[in-house]
Amino acid sequence: MALEALAASLPPYAADIAANLTALEAETLLSDQQKWGCFVASANAVATPAALQAIEAAAFGAGLTTDAMSAAKGAAAVMAQNNVYFRALTLLKNPDYRALRSRLRMSLTFKPGVPKDDFDLWCVAVSAIHGCPDCLDAHEGALRSRGASTVAVQTALRIAAVTHAVSRVLAAEAAAKVS
């Protein structure tokens, strides 16, 4: 298990997070590319160095291709932009902004270089981390329209949640050592 060392590095108060990380690594509800892409996209969304390095190494070790790794990182990058923009539209009371074109380039979302279901799962994971309801609905809706199961989407959400928690714990522990 490639993430075993990462799980073992978590402090005792995060034992549930470590157990969830181990369980998700063994998860078979998604293809390996979908699963590892979710981990990579989520780790890039949070960008805590220790978690990011461990997860990317595990993904390569599990056979995630260079193209899929790039697409997962691209999902994190484009959703970092889109999640801020579209979440802001949700928060603004003035509806006039929703009528405007975003004028943001996001061509990767149309030609990600991997199957659309994989890319949309990764966008769901990142959008959950960033808390963008419009992007969550758009990518979940696209997945469901192509026949993806609710369990597949839930698995992407679980990977996002656990990766986020691992990253936050590691960041807090690193900060405590500096103090």
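Values below: every heavy atom of this structure, side chains too, minus hydrogens, waters and symmetry copies. The first residue in the sequence is number 1, and the count goes up from there.
Evaluation of the side-chain hydrogen bond (donor to acceptor under 3.5 Å, both in side chains) rule for Arg168 yields no partner, not counting sequence neighbours. Ser9 meets the side chain to side chain contact (heavy atoms under 4.5 Å, CB included) test with Leu6, Leu170; sequence neighbours excluded. Listed by chain and number, the residues in a side chain to side chain contact (heavy atoms under 4.5 Å, CB included) with Phe60 are Thr66, Met69 (sequence neighbours excluded). Partners of Thr65 by side-chain hydrogen bond (donor to acceptor under 3.5 Å, both in side chains), not counting sequence neighbours: none found. With sequence neighbours left out, Glu173 forms a side-chain hydrogen bond (donor to acceptor under 3.5 Å, both in side chains) with Tyr13. Applying the salt bridge (charged side-chain N to carboxylate O under 4.0 Å, His left out) criterion to Arg87, with sequence neighbours excluded, gives no partner residue. In this view, Ser42 satisfies the side-chain hydrogen bond (donor to acceptor under 3.5 Å, both in side chains) rule with no residue, not counting sequence neighbours. With sequence neighbours excluded, the residues forming a side chain to side chain contact (heavy atoms under 4.5 Å, CB included) with Ala18 are Ala7, Leu10, listed by chain and number. Every side chain to side chain contact (heavy atoms under 4.5 Å, CB included) that Ala142 has, sequence neighbours left out, goes to Asp120, Arg146.
To the nearest 0.5 angstrom, Thr109 atom OG1 is 7.0 Å from Asn82 atom CG. Rounded to the nearest 0.5 Å, atoms CD1 (Ile159) and CG (Leu24) are 5.5 Å apart. With rounding to the nearest 0.5 angstrom, the CG atom of Leu143 is 4.5 Å from the CG atom of Leu121.
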Could you check Tyr85 against Gln81 for side-chain contact (heavy atoms from CB on, under 4.5 Å), going step by step and ending with a plain yes or no? CA-CA 6 Å; Tyr85 182 80; Gln81 165 192 276; 5.7 Å; no
Test side-chain contact (heavy atoms from CB on, under 4.5 Å) applied to His130 and Val84, step by step: CA-CA 8 Å; His130 294 157; Val84 168; over 6 Å; no
For residues 26-33, which side-chain donor-acceptor pairs fall under 3.5 Å, sequence neighbours excluded?
residue: Glu27; atom: OE1; partner: Arg158; partner atom: NH1; Å: 3.1
residue: Glu27; atom: OE1; partner: Arg158; partner atom: NH2; Å: 3.3
residue: Ser31; atom: OG; partner: Gln34; partner atom: N; Å: 3.1
residue: Gln33; atom: NE2; partner: Asp118; partner atom: OD2; Å: 2.7

What side-chain donor-acceptor pairs closer than 3.5 Å can you find for residues 43-52, not counting sequence neighbours?
residue: Asn44; atom: ND2; partner: Val40; partner atom: O; Å: 2.9
residue: Asn44; atom: ND2; partner: Glu56; partner atom: OE2; Å: 3.0
residue: Thr48; atom: OG1; partner: Ser167; partner atom: O; Å: 3.4

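Trp122 is listed as a side-chain neighbour of Val114, based on a closest heavy-atom distance under 4.5 Å. Side-chain contact check for Met79 versus Phe86: every heavy-atom pair is 4.5 Å or farther apart.
The list of salt bridge (Lys or Arg N to Asp or Glu O under 4.0 Å) pairs with a residue in residues 89-116, not counting sequence neighbours, reads Arg98-Asp134.
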